[in-house]
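Worksheet: the structure to be examined is printed underneath.
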Amino acid sequence: MVRVRFAPSPTGYVHIGSLRTALYNFLYAKKMNGSYVLRIEDTDQTRYVEGSIENLINCLVKTGIVHEEGPFIKGNDIEEIGSFGPYTQSKRLNIYNEYIEKLIEKDWAYTCFCSQDRLAEVRDQQKAKGETPKYDGKCRQLSKTEVEEKIKSGDPYVIRLKLPVDTIISFEDMVRGSIVFNTNDLDDQVLIKTDGFPTYHFAVVVDDHLMGITHIIRGEEWLPSTPKHVALYKAFKWEEPKYVHLPNILNDDKKKLSKRQGDVAVEDFLKKGYLPEALINYIALLGWSPDSEEEVFTMEELIQKFDLTRINKSGAVFDRNKLNWMNSIYIKSMENKKLVELITPYLLDTDIILETDFQEKPDYIQMIVETFKEKLNSLSDIVPLVNDLFKEEINFDDEMKEILKGESVPELVKVLTSEIERLDTVTPENIKKIFKIIQKEHGIKGKNLYMPVRVITTGETHGSDLMMIMSILGKEILLKRINSLILN
RNA sequence: GGCCCCAUGGUCAAGCGGUUAAGACACCGCCCUUUCACGGCGGUUACAGGGGUUCGAAUCCCCUUGGGGUCACCA
């Protein structure tokens, strides 16, 4: 029975890389008919951000990566479900205490009284000498009675992992193969901090074991600390899980994707109008590829196709371009009614659409969405598209001025004005009729017709379907723009 | 700097000893559309370098170079 977990710490927003880690865990669990667990790693109290657990769960649920064990949102509370709980590390302190005792008994851990100041000093000296900073092992030799006395007198202390000297520790990574370390290059990691909380390294091993986790799928930044975890499994004589270290997601500069260089928060992408399905689809393909050539997949299809052995080893640059393309595919294939629903908040962000328009002129809204649908990379793209259409000032560049100098333009303007004036409301149909009249009765057609009209009515040489655009603008604005041309 | 990981076009990537080295995004053309777009067709661009192993290396091994990660009482 496969059991995997996604174990984030509640320190704020959800990083796009975290989302991919969660996704791969989820896909693998579903593929194998196993369990996908959410665990909250909140052992650093100082980094806790209010509300981040709720935000985290919401993000996962929105993107369809839903766990079956762990914390869930119920009303205004968080409720844990599952028989391996608690799923929040700060609620498991007694468990860690119990296991650290065992470790000390086995002589795989020791109490250390070194102050942070001394540690910093040692580090600085080592760095100055060009050595790798590492705990010097001062407290390794402390006798049991010395330790007891110091504790009794109230000295603050931590518990450190007692790594064997000059020993090879190796493990198999499912995507990278055999990985070998020497303990001489490793530090005696702190396992329990002065505040009595475990560090990640200790809690992760205890919890993964107790929760029956079979596969650890996580980012490759954990690779260097994995031998410490392996040492703990050995110390406890526990069965080791399988390791799967995922390649990093990179910025354009090939460095780990970070907040400094644009959006990395899942909630930001969602806010900008990237559809959860598109985001998931794109991200699934960053570091993994199916054995077929298609690229557009539903979650269900991803589950079917997912395969740990096809995960890539090298880092992948997050390509905003391709995400845009992927998102546009999903937007175009969405039915209009659904799209109108999703895009409503963005339409309200424009300068011209009001709350009441949705009841009073649904067809008009529908027409706007239909017209711009094919031009959207994200839902928020509709805002500038609509605003630009209704811009106050129309300025012509040289190309447009050239077009307006056309021989038939004066006649075209005249007919256009009188025909539009005659209309009650402007619709694509009656604009088409007007164009027919102009073509048949005045012999103005093709580019000589469409280009000047587009330039006059929109101040652009490119854009969406002209008849739709004109209908969206409406009689009043059309005439105003045509008239202002005549005045000039 | 020590340790670890990685290396196919600008980007994502297929390839797992014998291929004209796929495909997608982006870019550039052309076609379609009496406007615009969608769409269709086509094109430019890659095995980091050097040694081996082999009849034969993008594929296996070594070295170099380059990039990344990590070295906390953070995860």
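Numbered from 1 within each chain, the chains take letters A, B, ... in sequence-line order.
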Practice task
Scan Glu41(A) against the nucleic acid and name what it touches under 4.0 Å (heavy atoms): base, sugar-phosphate only, or nothing.
Solution key: sugar-phosphate
Practice task
With heavy atoms under 4.0 Å as the rule, sort Asp44(A) into base, sugar-phosphate or nothing.
Solution key: sugar-phosphate
Exercise for the section: Kindly state which residues belonging to residues 398-408 of chain A come within less than 4.0 angstrom of RNA chain B, counting heavy atoms of the residue only, listed by number. Expected result: none
Give the rounded distance in Å between these two atoms: [atom1] of [X] and [atom2] of [N].
X	N	atom1	atom2	result
Arg454(A)	U34(B)	CZ	P	14 Å
Ile179(A)	C6(B)	CD1	C1'	11 Å
Phe202(A)	C74(B)	CZ	P	15 Å
Gln45(A)	A72(B)	CD	P	21 Å
Gln89(A)	C74(B)	CD	P	13 Å
Trp325(A)	G23(B)	CH2	P	14 Å
Arg310(A)	G15(B)	CZ	P	4 Å
Asn182(A)	G2(B)	CG	P	16 Å

Where the side chain of [X] is defined as all heavy atoms beyond and including C-beta, which of [options] is the nearest nucleotide?
X	options	answer
Met451(A)	C12(B), U35(B), C74(B)	U35(B)
Lys332(A)	G39(B), A72(B), U11(B)	G39(B)
Ser9(A)	G23(B), A75(B), C4(B)	A75(B)
Gln189(A)	U35(B), A37(B), A72(B)	A72(B)

Handout entry: Residue among Thr371(A), Thr457(A), Ile469(A), Ile368(A) satisfying side-chain contact (heavy atoms from CB on, under 4.5 Å) with Leu389(A)
Key = Ile469(A)
Exercise for the section: Establish, for the pair Arg39(A) and Phe6(A), whether the NZ or CZ atom is under 6.0 angstrom from the six-membered ring centre and no further than 45 degrees off its axis. Expected result: no
Practice task
Evaluate the salt bridge (Lys or Arg N to Asp or Glu O under 4.0 Å) criterion for residues Lys228(A) and Asp188(A): first the C-alpha distance (whole Å), next the side-chain angles of each, then the deciding distance (0.1 Å), finally the verdict.
Solution key: CA-CA 9 Å; Lys228(A) 295 170 190 171; Asp188(A) 276 357; over 6 Å; no
Could you check which nucleotide pairs with [N] in any of the strands shown, counting Watson-Crick or G-U wobble with both distances under 3.5 Å?
N	answer
G2(B)	U70(B)
A14(B)	none
C47(B)	none
C41(B)	G29(B)

Completion exercise
When Ala7(A) and Val317(A) are each assigned the nearest nucleotide of RNA chain B, the 5'-most assignment goes to Val317(A)
Completion exercise
Taking for Asn312(A) and for Asn321(A) the nucleotide of RNA chain B with the nearest heavy atom, the one nearer the 5' end belongs to Asn312(A)
Exercise for the section: May I ask you to decide whether Glu295(A) forms a salt bridge with Lys322(A), counting only side-chain N to carboxylate O separations under 4.0 Å? Expected result: yes
Can you name the atoms? Protein N/O to nucleotides 65-71 of chain B N/O, anything below 3.5 Å, with the distance.
residue, atom, partner, partner atom, Å
G68(B), OP1, Lys255(A), NZ, 2.8
G69(B), OP1, Lys256(A), N, 3.4
U70(B), OP1, Lys256(A), NZ, 2.9
C71(B), O2', Pro133(A), O, 3.4

What pairs of nitrogen or oxygen atoms, one from the protein and one from nucleotides 42-45 of chain B, lie under 3.5 Å apart?
none

